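Report on the structure given below.
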Amino acid sequence: MTAHTPLPRADFRGWDGNTAAAREIQNQLAGKVVLTDDFGPLKLIAGVDVGFEDGGKITRAAAVLLDAETLEPLAQALARIPTCMPYIPGLLSFRELPAVLQALESLDQTPDLIFSDGHGIAHPRYLGIAAHLGVVTGLPTIGVAKKILTGLHQPLGEQRGEQVDLVDKTGRIIGTVLRSKDKVRPLIISPGNRVSLETAPQLVMRYVTRYRLPEPTRLADRLASRRDEKRAAPQQVMNLE
DNA sequence: GCGACAG
DNA sequence: ATCTTGTCGC
């Protein structure tokens with residue numbers, strides 16, 4: 001008996017080499033983003049991130065599932081596939097989602113909320129990777145980025161928890177610049193799907209412990225960038241001449 | 001035309 | 001993202 005909960009998933013239209021076509025897909029999918037708090041009790045949360053191997057030839061995606069209450073890691077999955085396109089600012093999701101979706105499908109349970117590295121709607125066409133992932137899977141998602149892609153904001157306080165709006169050229173609020181820890185570079189938080197602009201930063205703070213990144217993102221980060229093995233690796237015996 | 005530009 | 005050791009500061 002298969003205990004697999006299938007990952008809800010609509011068709012993901014990938015990169016076909018046409019930049020203009022990709023931007024058009026973004027404009028179309030941006031209209032499907034839900035910006036209200038449309039999620040139930042959070043029992044399982046996930047973090048996803050991507051790293052590269054072999055000088056960029058291999059795209060390596062990590063998905064980590066945690067207990068939303070205890071933050072205990074419950075499962076993790078890795079997907080390694082040939083890199084399908086180069087990095088193009090604004091089109092990140094087309095480069096990374098194929099691997100991310102495969103990693104998520106490998107988990108034996110579907111998360112109630114996914115934290116994705118990168119932006120949600122804080123994007124030139126309101127469809128950063130977190131929003132794209134949310135629309136494609138239909139799941140609630142939040143984008144956690146380390147740098148601004150687009151938008152401006154007022155000065156931010158130095159203390160943990162302080163935040164200011166990230167605003168569009170058109171005046172639209174597209175995200176939150178959030179100080180997750182005292183005196184660290186702020187994180188840029190934006191809704192991906194089924195989460196409001198107000199709730200997104202609150203959820204991020206709920207899962208921040210002693211590091212700058214919230215646990216789901218931090219753990220996925222370590223796995224995707226192989227920073228975990230470099231820590232668990234046994235001591236090498238050196239032969240001194 | 002020039003500068004900016006998630007990961 | 002990735003290539004990379006020690007080092008400065010809280």
Side-chain angles (χ1 to χ4, degrees), chain A residues 14-15 19 22-23 26 29-30 33 47-63 78-101 103 114-135 141-153 158-160 166-169 174-193 200-201 204 210-214 216-231 233 236 238:
Chain A
W15 172 251
T19 296
R23 292 204 186 93
Q26 294 181 320
L29 294 183
V33 170
V48 296
D49 190 24
V50 170
F52 295 87
E53 299 177 14
D54 195 19
K57 295 189 185 70
I58 299 296
T59 297
R60 170 187 171 113
L78 269 181
R80 301 170 68 255
I81 63 178
T83 298
C84 64
M85 68 173 279
Y87 167 67
I88 299 176
L91 298 183
L92 180 70
S93 60
F94 290 91
R95 171 172 159 91
E96 303 190 344
L97 277 191
V100 168
L101 290 169
I114 301 172
F115 289 81
S116 169
D117 205 48
H119 297 287
I121 63 170
H123 176 278
R125 289 168 296 284
Y126 311 109
L127 198 86
I129 187 168
H132 199 161
L133 174 64
V135 169
T141 59
I142 292 176
V144 180
K146 304 175 197 68
K147 298 175 183 174
I148 292 175
L149 170 59
T150 187
L152 300 170
H153 66 87
E158 307 287 298
Q159 310 261 301
R160 171 193 176 105
L166 180 64
V167 184
D168 212 325
K169 297 175 180 178
I174 56 177
T176 303
V177 182
L178 174 69
R179 191 85 67 183
S180 57
K181 297 284 293 178
D182 286 358
K183 300 179 178 182
V184 297
R185 285 174 301 124
L187 295 177
I188 317 305
I189 309 303
S190 61
N193 189 39
V204 169
R210 58 175 302 198
Y211 305 92
R212 179 164 85 118
L213 297 174
T217 301
R218 190 179 72 83
L219 296 179
D221 211 6
R222 299 188 78 71
L223 189 55
S225 299
R226 291 160 294 179
R227 238 159 304 179
D228 56 327
E229 18 184 278
K230 291 180 180 176
R231 177 170 284 276
Q236 281 299 313
M238 315 235 100

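A note on names: the letters A, B, ... follow the listed sequences, proteins ahead of strands, and every chain is numbered from 1. Note that the coordinates shown come from a computational prediction; the quantities given were computed from them, not determined experimentally. Hydrogens, waters and symmetry mates are skipped; everything else that's a heavy atom, side chains included, is used.
- For the pair A/L213 CG and B/dG7 P, the interatomic distance rounds to 10 Å; values are reported in whole Å.
- Between A/D49 and A/R222 there is no salt bridge, since none of the side-chain N atoms of the basic residue sits less than 4.0 Å from a carboxylate O of the acidic one.
- Atom CZ in A/F94 sits roughly 18 Å away from atom P in B/dG7 (whole-Å rounding).
- Atom-to-atom distance recorded for A/T19:OG1 and A/I88:CD1 is 4.5 Å, nearest 0.5 angstrom.
- For A/K147 and B/dG7, the NZ to P distance is 6 Å, given to the nearest whole Å.
- When the P atom of C/dC3 is taken as reference, atom CD of A/E53 falls 10 Å away, rounded to whole Å.
- Rounding to the nearest 0.5 Å places NE2 of A/H119 at 10.0 Å from NZ of A/K147.
- Whole-Å rounding puts the A/R227 CZ to C/dC3 C1' distance at 13 Å.
- A/I148 comes within contact range of the sugar-phosphate backbone alone, with a heavy-atom separation under 4.0 Å but no base atom that close.
- Residue A/G56 is classed as having no contact, given no heavy-atom separation below 4.0 Å to the nucleic acid.
- You'll find that the side chain of A/P89 is closest to B/dC5, out of B/dC5, C/dA1, B/dG7.
- The distance from atom CG of A/L92 to atom C1' of B/dC5 is 12 Å, rounded to the nearest whole Å.
- Base engagement by A/G128 is indicated by at least one non-hydrogen atom pair under 4.0 Å involving a base atom.
- The side chain of A/S225 contributes an N or O atom lying less than 4.0 Å from OP1 or OP2 of C/dT2.
- Distance A/K57 NZ to C/dT2 P: 15 Å, rounded to the nearest Å.
- A donor-acceptor pair under 3.5 Å links the side-chain atoms of A/R60 to the main chain of A/L223, judged by distance alone.
- Exactly one of A/L92, A/T217, A/V48 qualifies for a side-chain contact (heavy atoms from CB on, under 4.5 Å) with A/D117. That residue is A/T217.
- Separating the CG atom of A/L97 from the P atom of B/dA6 is a distance of 17 Å, rounded to the nearest angstrom.
- Counting any heavy atom pair closer than 4.0 Å across all strands shown, A/D49 reaches sugar-phosphate atoms only and no base atom.
- Among the protein residues, A/I58 comes within range of no part of the nucleic acid, since none of its heavy atoms lies under 4.0 Å from any strand.
- Residue A/H119 has its side chain nearest to B/dA6 when only B/dA6, C/dT2, B/dG7 are considered.
- Residue side chain A/Y87 meets the stacking definition with respect to B/dG7: its ring centre sits within less than 5.5 angstrom of the base's six-membered ring centre, and the planes differ by less than 30 degrees.
- Projected onto DNA chain C by closest heavy-atom contact, A/E96 and A/K183 fall at different nucleotides, the more 5' of which corresponds to A/E96.
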